[in-house]
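Inspection log for the structure reproduced underneath, given as structure tokens.
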2 protein chains.
Amino acid sequence: MKELAKELNVSVATVSKAMRDSHEISEQTKKKVLEAAARLNYTLNPYASSLRKRQSKTIALVLPEVADNFFSLAINGIQSVAERKGYHVLIYLSHEKFLNEVSILSECSSGRVDGVLISISSETTSAEHILKLQRENIPIVFFDREFEGLRIARVVTNDFECGYNAAIHLINNGCTNPVFLSISTSLGICNKRAEGFKAALLEMKAGDIENAVVVCKGTSGDEYSQIKKLLTGKNRPDGIVASVERLAMTVYLMSHETGISIPNQLKVVVFSTLETAPILNPPLTTITQPAFEIGKAAAELLFKGIEKKGYNLADEYVELPSVLTERMSSRNS
Amino acid sequence: MKELAKELNVSVATVSKAMRDSHEISEQTKKKVLEAAARLNYTLNPYASSLRKRQSKTIALVLPEVADNFFSLAINGIQSVAERKGYHVLIYLSHEKFLNEVSILSECSSGRVDGVLISISSETTSAEHILKLQRENIPIVFFDREFEGLRIARVVTNDFECGYNAAIHLINNGCTNPVFLSISTSLGICNKRAEGFKAALLEMKAGDIENAVVVCKGTSGDEYSQIKKLLTGKNRPDGIVASVERLAMTVYLMSHETGISIPNQLKVVVFSTLETAPILNPPLTTITQPAFEIGKAAAELLFKGIEKKGYNLADEYVELPSVLTERMSSRNS
DNA sequence: TTTATTTACGAAACCGGTTTCGTAATACAG
DNA sequence: CTGTATTACGAAACCGGTTTCGTAAATAAA
């Protein structure tokens, strides 16, 4: 910038203001500066600007994983908003580990980002690391997976209702012993779905509420053997609601292996954004989250918190409904 | 930092050095400083450090989209390396648009990132924006989708060979008129697959080489009608190699719609990392890219270029083979 | 014509660390 | 006991913009 200023016989202050289109600078001078900058291939150093302006024009996106199609779509939604606003997106993965999440959030402090979008890990049971960030006045928005009981903005889907609807759907299609496959006892989103599921059983006086929720924890190997045990053991279910994509995949593979027929012997519904659901064998009934929209809405909320200082995000709550699409896997034969 | 220095009766220089574990500072003083920092909840401002040290500890990841499972897996591979190295990852999406890619790369200059990992958009036919970055001495590594003819490091898979193998596979399974479904005439990765495919036809004296490659361009609606025309027209193929996931999905949907039987009337192979391939109807033969490994290798290469100054990345070339997994969709009945 | 405003720009402080260089104190060798 | 190294630390310049404040010139108002 100094060089540019010298070359044009103006001060660095003038160059700086011209580059940022300040009203203090005449159109003529602005043009001169911009042209010279283009000619010399000069662009502002973003970190020098960030340092002085105390804003990074960057947000953090903290995800448990990107294995799932849901988060891919959410990234698209978030990115589309960030791009429009001229913001940059730092992406972090917690790999479902609480400690990773803690260290990621600590990196977000001291001005690295202007805001944080987070979907918490399935291990997270304490919110101290999140509250710490909030005390630094960094706007935070939960999307999809929230930490319950906090006064922090969130964008989620109607998990309870969908769990309820899934159970009703199975019961209406003739299931007498439906089971909900969960992946975590600490994850609010999973619990809500399970709660809705149980509420429906209770209401319909169906199934065995005591054993209606099966938690598959541990490695994918553990998951596999747990599901195998469930599907081949005595008192095996005739309906399954899988809380995530991966579990439904395992159920399908297991059914192919063991010869259990879907939907005749076992009906399946899954919470998933799986695009291949209609061409599976058999086509799979899904409860699809509006992933792109959730990401987009969360990002828009975050930017409201970032741009309007003093704007209190704490009690913002957006709920975008998922849709149940009935396919062969849960149909009554 | 000033406050902290005052509180401890040392200089800011000492605090700075102590925070960074400099050998110039005694263990005793270091401990004192670190404790005080922890107590006051103080962390270094990353942008001040970046500014002075002229390194951002950040890399850019430029993707065409994240719709595809391939890029999700690649993100994981890249992130795992970056995390280990203590680097941050900025994620950008070009949405397959050349102009977006240009403006993204221009953002990467002037020190915002220490290196760039990029998979080019399907529209990109000029490399000036990439060369410009290279002239600024920013290390660049292509992964999966490279711009051919440039002396820039790249990590790819054996696309030609896989195209070849896919054709041979179809021919061996009885196809007499196999077709390759491409999505772009400018994308090297797609062309290589198509070239391999044609080479096999030539060698086996099979099929109609003139019409062996069909390019599906435009919106997904266009794509749909083009494929419909192909599959229902005269001289329709009895084998298809889809260059991307999406095309295979469309082919499957179409076959369900029109009653074309896979694999009896039409055999299908797809380039894809689709996890649901084994449970599709029918199970789908895939050529699976080692997406995680490609991402990981690309990131490792990039960091070699970043950390060892003077290290010339230009001629680095890593090829990681994909694997063809035969399933029902291409089996000879 | 005089005074009040507005316009266009520059000098210098500032953002928050890092690094160079100098120096006092201590350790060590001869 | 003297000369040299080493250790531990501080003063100040520096990274590259931004912002405040002051001012001269031009314009408008009285």
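In what follows, every heavy atom counts, from backbone to side chain, and hydrogens, waters and symmetry copies are set aside. In what follows, chains are A, B, ... by sequence order, proteins preceding strands, each numbered from 1.
A salt bridge between Lys30(B) and Glu27(B) is present, with a side-chain N of the basic residue lying under 4.0 Å from a carboxylate O of the acidic one.
Residues of residues 25-32 of chain A that place a heavy atom closer than 4.0 Å to DNA chain C, in numerical order, are Ile25(A), Ser26(A), Thr29(A).
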For residues 71-79 of chain B, which side-chain donor-acceptor pairs fall under 3.5 Å, sequence neighbours excluded?
residue: Ser72(B); atom: OG; partner: Ser72(A); partner atom: OG; Å: 2.9
residue: Asn76(B); atom: ND2; partner: Ser72(B); partner atom: O; Å: 3.3

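Residues in residues 106-148 of chain B take part in these ring-ring contact (aromatic ring centres under 6.0 Å, His included) pairs, two or more places apart or across chains: Phe98(B)-His129(B). Applying the ring-ring contact (aromatic ring centres under 6.0 Å, His included) test to every pair with at least one member in residues 28-47 of chain A, sequence neighbours left out, gives these pairs: Tyr47(A)-Tyr47(B). Among residues at least two apart or in separate chains, salt bridge (charged side-chain N to carboxylate O under 4.0 Å, His left out) pairs with a member in residues 114-131 of chain A are Lys97(A)-Glu123(A), Glu128(A)-Arg135(A). Annotation: salt bridge (charged side-chain N to carboxylate O under 4.0 Å, His left out) contacts involving residues 49-70 of chain B, sequence neighbours excluded, are absent.
When the side-chain hydrogen bond (donor to acceptor under 3.5 Å, both in side chains) test is applied to Glu7(B), the partners found at least two apart in sequence or on another chain are Arg39(B). Annotation: side-chain hydrogen bond (donor to acceptor under 3.5 Å, both in side chains) contacts of Ser49(B) (sequence neighbours excluded): none.
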Reading nucleotides 16-21 of chain D from 5' to 3' and marking B where a protein heavy atom lies under 4.0 Å of the base, S where only the sugar-phosphate is that close, and - otherwise, the string is BBBBB-
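Rounded to a whole Å, the CG atom of Leu8(A) is 14 Å from the C1' atom of dC9(C).
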